[in-house]
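Structure record follows, encoded as structure tokens.
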Amino acid sequence: MTTFTTGASTLTRDALAVLQPGFTGTAAPDWVRRRLAEGLVSVALFGRNVADPEQVTALTSQLRAERDDLLVAIDEEAGDVTRLEVRTGSSFPGNHALGAVDDPALTRRVARELGRRLAACGVNLNWAPSADVNANPDNPVIGVRSFGRDPALVARHTAAYVEGLQSHGVAACTKHFPGHGDTSVDSHHALPQIDLDVTTLHERELRPFRAAIEAGTRAVMTAHIRVPVLDPDRPATLSPRILTGLLRDELGYDGLIVTDGMEMGAVAGTYGLEHGVVLAIAAGADAICVGGGLADEDTVLRLQDALVTAVRSGELPEERLADAAARVRSLAAWTTGMRHSPSAAGDPAPEIGLTAARRAVTVTRAAGPAPVTAPVYVATFSPAPNIAVGDETPWGVGAELERLLPGTATGHFTGPDAGTEALRAAGGRRVVAVVRDEHRHPWMGAALDTLIAAGPDTVVVEMGVPQSTPRGAVHITTHGAARVCGVAAAEAVLAG
């Protein structure tokens with residue numbers, strides 16, 4: 001374990017300790033290793049840092065050669081948001097699928113297996129689960145990342161997920177406090193506002209976070225949203241009323257508070273990155289997530305200097321920065337202790353993800369359609385990618401149907417002429433139409449109208465939030481677009 005260099009002051013070390021930066025490449029850069037020796041406690045991994053589990057294990061081992069008590073964070077929600085399997089799609093269904101099954105024991109088993117795999121790769125802080133109640137079905141950023149729209153359901157599955165994940169020493173980071181589910185704006189781009197009353201806030205948005213706290217979640221991630229009933233001026237990430245007054249004092253939470261990505265437009269575009277970071281720590285946040293977009297040494301040095309300068313100018317109390325750094329080091333110590341202790345979480349369960357995905361599938365059949373037995377044409381209607389999900393991860397049922405039905409062809413379509421183009425490409429073959437959140441995309445609904453009018457035997461697979469009325473000869477709902485959801489959907493196509 002590294003001993004800090006004598007040239008690094010306590011203030012500088014504390015400023016570095018509260019940062020959770022990203023970096024580029026699949027090996028540890030020299031600058032990251034240097035900063036670990038000077039007080040950096042955390043690093044964050046993104047899809048760009050991942051080739052396969054063996055490479056991630058080598059990377060985290062390389063980093064821990066510099067600092068054994070290191071927090072390695074990742075945004076591995078499973079389902080649609082995966083970093084560990086960014087190039088193949090996740091082996092686990094996401095929250096919405098688990099909520100559709102509504103078996104907390106299954107959710108716990110899925111999270112336990114995910115935690116086991118993360119721990120085996122050397123990752124010990126997961127920015128998951130999402131505890132957001134999907135109150136607004138038009139939400140452009142949460143959707144299938146939520147367990148559902150019933151606060152009680154979301155609460156029980158959030159607690160189960162936290163317990164399962166942490167059973168392998170991987171700290172859960174429950175997000176996005178105080179609840180991002182009732183927004184119609186993506187905080188990656190702009191600052192959303194949630195207009196609700198205090199009663200709704202406590203009975204709906206906060207209920208899953210209370211459950212997570214009771215389950216012992218080691219971290220909570222803030223939301224870049226404005227909630228006027230709590231603070232009319234500042235978004236939650238920068239609000240002392242929300243982070244200190246509500247989360248700490250009223251809800252009694254004593255773990256690590258982590259910000260959502262600080263380079264997101266909701267904060268950086270409104271307050272500026274450096275000023276936003278200072279305001280977040282002053283408000284009660286303990287760890288600064290940065291690196292999804294800015295992944296270089298200069299960013300780390302700029303933020304370190306901004307924090308040091310803010311302390312020296314009196315803008316940021318030194319004891320607040322010291323408290324934040326101490327909380328980061330405390331969580332690092334917990335994960336280190338868990339890593340060196342025998343796990344009591346049970347044996348691996350490698351098939352649990354597919355089992356859960358199969359249980360989440362819902363099939364609605366019209367009267368009299370012939371079963372699918374011959375090669376088909378799979379028309380996938382692709383919306384613009386959600387930034388949280390990214391555009392690297394494959395999704396759909398095409399690859400699996402090509403394997404199960406040799407001769408099957410596939411195509412991807414988008415825009416107002418998507419239905420006509422897909423019909424032309426199908427060339428008279430039976431169509432399996434794959435959509436994602438049809439209710440949010442009128443052009444997608446129009447494409448289905450075109451296909452079903454031309455071919456009443458069209459099979460429809462919805463891999464987003466199922467808000468639209470089921471239609472087609474067979475309508476299959478997966479409640480998510482993870483790889484295993486595609487496998488389960490393909491099986492259902494043939495069974496139909």
4.5 Å side-chain heavy-atom contact, T458 and L448: no
Could you pull out the closest heavy-atom pair between A172 and T217, with the gap in Å? O-OG1, 3.3 Å
Once rounded to the nearest 0.5 Å, what's the spacing between atom CG of D102 and atom CZ of F147? 10.5 Å
Checking T299 side chain against A295 main chain: does a donor-acceptor pair fall under 3.5 Å? no
Heavy atoms of G99 and L153 approach each other most closely as O-CD1, 3.5 Å
Under the 3.5 angstrom rule, does the side chain of N95 hit a backbone N or O of R145 as a donor-acceptor pair? yes
To the nearest 0.5 Å, how far apart are CZ in R116 and CD1 in I352? 12.5 Å
According to the interplanar angle, ranging from 0 to 90°, do the rings of F413 and F381 count as parallel (below 30°), tilted (30 to 60°) or perpendicular (above 60°)? tilted
If you measure from CZ on R234 to CD1 on I242, what distance do you get to the nearest 0.5 Å? 11.0 Å
Heavy-atom check, side chain of L114 versus side chain of N126, under 4.5 Å: yes
Would you say Q20's side chain and A73's backbone share a donor-acceptor pair under 3.5 angstrom? no
Give a yes or no answer on whether the side chain of T237 reaches the backbone of A280 with a donor-acceptor pair at less than 3.5 Å. no
Please evaluate residues E400 and R403 with respect to the criterion salt bridge (Lys or Arg N to Asp or Glu O under 4.0 Å), reporting the C-alpha separation (whole Å), side-chain torsions for both, the decisive distance (0.1 Å), and the verdict. CA-CA 5 Å; E400 188 64 14; R403 184 184 71 80; 2.5 Å; yes
Identify the heavy atoms of R83 and E76 that sit nearest to each other, and give their distance. N-OE1, 2.8 Å
In the structure I gave you, are the side-chain heavy atoms of D233 and S239 within less than 4.5 Å of one another anywhere? no
Can you check side chain to side chain contact (heavy atoms under 4.5 Å, CB included) on L247 and T222, steps first, answer last? CA-CA 10 Å; L247 183 54; T222 68; 5.9 Å; no
Kindly say whether T26 contributes a backbone atom to a donor-acceptor pair with the side chain of N49 at under 3.5 angstrom? no
Could you tell me if the side chain of L196 sits less than 4.5 Å from the side chain of R204, heavy atoms only? yes
Could you check whether R87 pairs with D52 (Lys NZ or Arg NE/NH1/NH2 to Asp/Glu carboxylate O, under 4.0 Å)? no
Would I74 and F46 count as a side chain to side chain contact (heavy atoms under 4.5 Å, CB included) if you check the C-alpha gap in whole Å, the side-chain angles of each, and the deciding distance to 0.1 Å? CA-CA 6 Å; I74 199 167; F46 295 88; over 6 Å; no
With a 3.5 Å cut-off and no angle check, do the side chains of S146 and N134 form a donor-acceptor pair? no
Over 60° means perpendicular and under 30° means parallel, so classify the ring planes of H96 and H479, tilted if in between. tilted
Using the rule given for side chain to side chain contact (heavy atoms under 4.5 Å, CB included), can you reason through T183 versus N136, listing the C-alpha separation, both sets of side-chain angles and the distance that settles it, and then say yes or no? CA-CA 7 Å; T183 59; N136 184 349; 6.0 Å; no
According to the interplanar angle, ranging from 0 to 90°, do the rings of H180 and H176 count as parallel (below 30°), tilted (30 to 60°) or perpendicular (above 60°)? perpendicular
Can you see which heavy atom on A374 is nearest to which on L405, and at what distance? O-CD1, 3.4 Å
Tell me whether R108 at atom CZ has more than 12 heavy atoms from other residues, nucleotides or ligands lying less than 6.0 Å away. yes
Can you tell if the side chain of L246 reaches within under 4.5 Å of the side chain of F177, non-hydrogen atoms only? yes
Suppose we screen for salt bridge (charged side-chain N to carboxylate O under 4.0 Å, His left out). Which residues come up paired with E274, at least two apart in sequence or across chains? R302
For K175, is there an ion pair with E77 - N to carboxylate O distance below 4.0 angstrom? yes
Can you name the closest pair of heavy atoms from T158 and P208 and give their distance? CG2-O, 3.9 Å
Heavy-atom closest contact (F92 atom, V484 atom, distance): C-CG2, 3.7 Å
Atom pair CG/CG of D138 and D182 - distance to nearest 0.5 Å: 10.5 Å
Would you give the length of the straight line joining atom CG of L106 to atom OG1 of T355, rounded to the nearest 0.5 angstrom? 8.0 Å
With side chain to side chain contact (heavy atoms under 4.5 Å, CB included) as the criterion, how do V50 and E85 come out once you've worked through the C-alpha distance, each side chain's angles and the decisive distance to 0.1 Å? CA-CA 8 Å; V50 175; E85 298 181 276; over 6 Å; no
Is there a side-chain contact between V220 and R218, using heavy atoms and a 4.5 Å cut-off? no
Value rounded to 0.5 Å, distance of CZ in R48 from CZ in F23: 8.5 Å
Beyond-backbone contact of V465 with H439, side-chain heavy atoms, under 4.5 angstrom: yes
Okay, side chain of D260, backbone of A223: is any donor-acceptor separation there less than 3.5 Å? no
Donor-acceptor contact below 3.5 Å, side chain R359 vs main chain A356: no
Is the closest side-chain heavy-atom distance between V461 and V378 below 4.5 Å? no
Apply salt bridge (Lys or Arg N to Asp or Glu O under 4.0 Å) to R109 and E113, showing your working. CA-CA 6 Å; R109 290 174 62 203; E113 177 62 15; over 6 Å; no
Would a distance-only check, ignoring hydrogens and angles, find a side-chain to backbone donor-acceptor pair under 3.5 Å from D197 to T200? yes
Do R436 and H441 have side-chain atoms, one donor and one acceptor, less than 3.5 Å apart? no
Short side-chain to backbone donor-acceptor contact, R156 and A211, under 3.5 Å: no
Please check if the side chain of E263 supplies one atom and the backbone of G293 the other of a donor-acceptor pair under 3.5 Å. yes
